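Read the numbers this way: they start at 1 and go in the same order the structure lists the ligands and their atoms. We count residues from 1, following the sequence as given. All of these numbers come straight from a predicted model, not from anything done at the bench.
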Amino acid sequence: MSNPEFGSRVFDVDAIRADFPILQRKINGNDLVYLDNAATTQKPNQVIKSLVDYYEQTNANVHRGVHTLSIEATDGYELARTKVAKFINAPRPEEVIWTRNTSESLNLVAATWAEANVGEGDNIVITAMEHHSNIVPWQQLADKKGAELRYLPHNEEGLIELDSATGVIDYRTKIVAVTHMSNVLGTINPVAKLAERAHSVGAVILVDAAQSVPHMPVDVQALDADFLCFSAHKMLGPTGIGVLWGKYDLLEAMPPYMFGGDMILEVTYEDATWNDLPYKFEAGTPNIADAIATGAAVDYLTELGMDNVWQHEQELTDYAMEQILSLGSVRVLGPQNPALRGGVISFIHDTIHPHDLGTALDQQGIAIRTGHHCAMPLVRSFDVVAAARVSFYIYNTKSEVDAFVSGLCETEGYFSR
Ligand code: 7TS
């Protein structure tokens with residue numbers, strides 16, 4: 001098995017749609033229009049088949065058998081790691097740690113690197129637009145260590161201005177943990193510039209790439225990130241598997257997160273020593289099938305080419321933004337300039353509660369997300385407790401945007417009766 005060639009497949013949305021069995025479903029008698037991709041994406045046949053093939057043909061435990069199945073399972077598991085490393089331009093595959101999801105990756109860094117490196121009087125810097133997964137672990141750590149949790153603010157448009165980092169990131173900052181793309185505002189943050197700032201005061205930078213790696217080319221070396229986290233389920237892969245990437249020397253110096261099988265080199269009745277990277281962070285039987293299927297998801301995206309994925313979503317976002325804003329009855333959160341945002345559009349309707357809108361659209365087969373989007377402080381900063389959100393992926397079309405907008409208009413008509 002070799003890695004597929006980057007951008008070797010023509011970006012043909014009809015052909016892409018044919019790979020996704022779930023898109024054939026009817027919901028409440030209508031064609032499914034799935035616009036909740038920031039929560040999780042649908043899975044193509046190639047990924048589903050990879051899971052079935054694994055359980056039908058290969059299933060065995062990894063790193064411990066001399067028999068054929070165990071060797072095949074190990075090879076598949078490690079090949080998937082190599083594919084992920086290449087996808088994000090990681091210098092070494094050993095820097096890719098399999099976790100359960102972005103949340104676990106973030107918790108791992110907080111519980112190991114930060115536990116060892118953050119002390120009383122130090123500070124941790126995050127933005128005011130983080131997902132709860134990149135807030136709560138830092139609140140807990142700051143509390144435990146007597147450290148300060150600081151927030152980088154954003155302006156009215158939802159953009160972080162680098163000037164605001166001055167005075168927030170200082171010589172007591174140990175870690176800057178920022179989302180690459182906001183799951184509410186769609187804002188793409190200036191991660192490379194923030195990395196420069198962080199490094200200039202001796203801090204490390206962690207990038208929550210849950211919403212960027214699935215949608216745009218991400219190069220950990222170009223960003224000069226120290227840690228980067230994402231989830232397979234938001235990029236065509238299965239649930240229950242995610243990635244923590246870290247610079248080799250940092251990971252090497254970190255204490256383990258969990259203890260048990262596979263993560264040890266030697267155990268005596270008194271003590272233990274730790275295995276090499278990445279196994280030091282992979283205690284117990286790993287999620288073998290889902291790791292291999294993540295490799296299939298990475299192959300799928302690689303064949304499409306991440307530049308093409310990004311361009312497709314930009315076109316849809318542009319189109320949707322224009323339509324939504326022209327209604328005059330909604331407030332879009334985050335940057336209105338499509339060049340500064342990704343394919344996530346959160347909005348508040350003047351009169352219709354997001355949950356009512358979500359329920360009414362579901363009657364028409366249209367799946368959108370409503371609520372606080374696991375970013376309660378951010379959503380509340382707009383003086384609301386909930387917002388509606390549409391988010392796009394490779395299989396969405398302009399006619400689906402039209403269906404959503406006409407569903408919204410129909411709902412407006414219903415509620416104004
Ligand atoms: N960080 C960001 C920026 C996210 O958008 C999410 C999930 C996470 C972290 C956590 O990822 P997980 O795979 O560990 O759950 N975001 C969303 C969302 O916007 N709607 O549902 C989940």
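Ring geometry for H63 versus Y279: interplanar angle over 60°, hence perpendicular rather than tilted (30 to 60°).
The distance between the ring centers of Y151 and W138 does not fall below 6.0 angstrom.
Ion pair K145/E115 flagged as a salt bridge, since at least one NZ, NE, NH1 or NH2 atom sits closer than 4.0 Å to an Asp/Glu carboxylate oxygen. With respect to D170 and R150, a salt bridge is recorded, a charged nitrogen being found less than 4.0 Å from a carboxylate O. Under 4.0 Å is where a charged nitrogen must lie from a carboxylate oxygen, and between R369 and D36 no such pair does.
Listed as neighbours of ligand 1 are A38, A39, N101, T102, S103, H131, S133, T179, N183, D208, A210, Q211, S231, H233, K234, R369, R389, each bearing a heavy atom under 4.0 Å from the ligand.
Between atom CG of residue D290 and atom OH of residue Y77 there is a gap of 11.0 Å, rounded to the nearest 0.5 Å.
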